[in-house]
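Working notes for the structure below.
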Amino acid sequence: MKVIGKMLVLLTSFALLLTSVTACGSRQSAKRIIRISHGQQETHPDHLGMLAFKKHVEEKLGDKYDVRIYANGLLGDSKNALELCQTGALEYVIASASNLETFSRTYQLFSLPYLFSSPESFYKTMEDTKLTEQIYETTDSSGIRVVTWFDAGSRNFYSKKPIRTPADLKGMKIRVQPSPTNIAMMEAFHASATPLGFSEVYTALSQGVIDGAENNELALTDQKHGEVAPNYTYDMHQMVPDFLVVNLNFYKSLSPDEKAVFDEAAKIANQVERVEWKKAIEQAKKQAEKMGVHFIYPDVNAFREMVLPLHKKILQEYPDLKPYYDQISAFNKAAAAETKKS
Ligand code: GCU
């Protein structure tokens with residue numbers, strides 16, 4: 001599988017390179033093509049954010065750059081797309097924090113279950129650019145860097161049979177994003193972790209290769225997982241953001257003025273995505289209900305207690321994470337104090 005994956009990355013890189021060369025030979029092609037890949041549908045907030053990105057870049061620098069967005073994982077699942085971004089065959093990729101763990105272990109922070117105690121604390125953390133910039137720089141040695149983040153809500157379990165307590169997870173085969181922390185989390189839940197690419201989940205569920213998965217509500221509707229796993233349990237185990245990742249060589253090749261345009265476009269994409277996210281989640285809940293999805297509201301603490309020891313374990317193994325972790329804990333406390341006041 002690994003060899004096939006590598007070959008695919010090589011072949012896609014080559015094909016992309018060819019289209020660049022062809023484009024350079026044609027008339028419109030004095031423009032540099034900027035390729036952006038993501039695994040969501042064209043109605044997804046990530047895509048809408050990137051349309052705003054494209055609009056801004058082309059309004060300011062349209063004589064020089066032609067921004068093309070490839071949705072639906074057309075150029076591969078996040079893992080392969082990130083490898084293509086590393087080689088420079090893609091300029092930008094949207095990937096979940098979980099996919100970045102293999103490039104920098106700092107990103108495993110975001111997959112720690114119950115790291116954020118509330119959405120408020122999540123937003124405070126993600127808006128703290130002093131903190132996030134330090135994290136974003138940790139993949140520089142791999143030739144990629146995060147330029148902004150996108151809301152991806154909270155991740156919850158969904159399955160064929162209802163999960164009401166953590167004990168129900170015992171022995172179940174649950175799909176996770178390919179990442180060591182996600183696998184460790186499922187072990188802590190006594191379930192069996194099955195790492196798979198996003199696009200493989202529907203088939204795996206319908207063929208019974210897995211018993212369930214975990215994701216935000218949009219997976220139920222956009223990806224139609226609700227058709228085959230109609231019990232959605234709000235255990236809220238993670239808030240894992242998506243990130244917009246850039247090829248560092250490309251990013252560094254930009255002049256200061258151009259860089260300012262691309263950076264501003266990334267900021268706009270973040271703002272648009274966050275507004276669209278809120279609307280999309282409300283719609284997805286209604287649509288999922290119509291599809292026959294049954295929402296379960298369990299005792300979240302029971303789930304939390306089972307996996308909290310993972311924090312200590314991972315911090316002991318990776319002490320570099322401690323300063324970020326402490327800062328996020330402070331945000332958790334501040335957010336809790338604010339909620340108490342209001
Ligand atoms: C979410 C997230 C994606 C991720 C997917 C997954 O949809 O936004 O970036 O790839 O979950 O579980 O693979």
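Note that ligands are numbered from 1 as they come in the structure, with each ligand's atoms numbered from 1 the same way. The structure displayed is predicted, hence computed values, not measured ones.
- In this structure, Q223 falls outside the shell of residues with a heavy atom less than 4.0 angstrom from ligand 1.
- At distances below 3.5 Å, not a single donor-acceptor pair connects side-chain atoms of S179 with backbone N or O atoms of E101.
- Rounding to the nearest 0.5 Å gives a distance of 12.0 Å between CG of N301 and CG of D235.
- Salt-bridge annotation for E282 and K285: present, with a side-chain N of the basic residue lying under 4.0 Å from a carboxylate O of the acidic one.
- Looking at T139, its side chain does come within 3.5 Å of a backbone N or O of I144 through a donor-acceptor pair.
- Contact annotation: for L218 versus ligand 1, there are no heavy atoms closer than 4.0 Å.
- The protein heavy-atom contact nearest to atom 10 (O) of ligand 1 is Q177 OE1, 3.7 Å.
- Of all the heavy atoms of E214, none lies under 4.0 Å from any atom of ligand 1, so neither backbone nor side chain is involved.
- A donor-acceptor pair under 3.5 Å links the side-chain atoms of E58 to the main chain of V67, judged by distance alone.
- Protein heavy atom nearest atom 9 (O) of ligand 1, with residue, atom name and distance: D242 OD1, 2.7 Å.
- The shortest contact between atom 1 (C) of ligand 1 and any protein heavy atom is with N215 OD1, 3.4 Å.
- In this structure the side chain of Q86 reaches within 4.5 angstrom of the side chain of S142, judged on heavy atoms.
- For H311 and Y114, the distance between ring centers is not under 6.0 angstrom.
- Nearest protein neighbour of atom 13 (O) of ligand 1, counting heavy atoms only, is R175 NH2, 2.9 Å.
- The shortest heavy-atom distance from Q40 to ligand 1 is under 4.0 Å.
- At a 3.5 angstrom cut-off on N or O pairs, N99 does not count as close to ligand 1.
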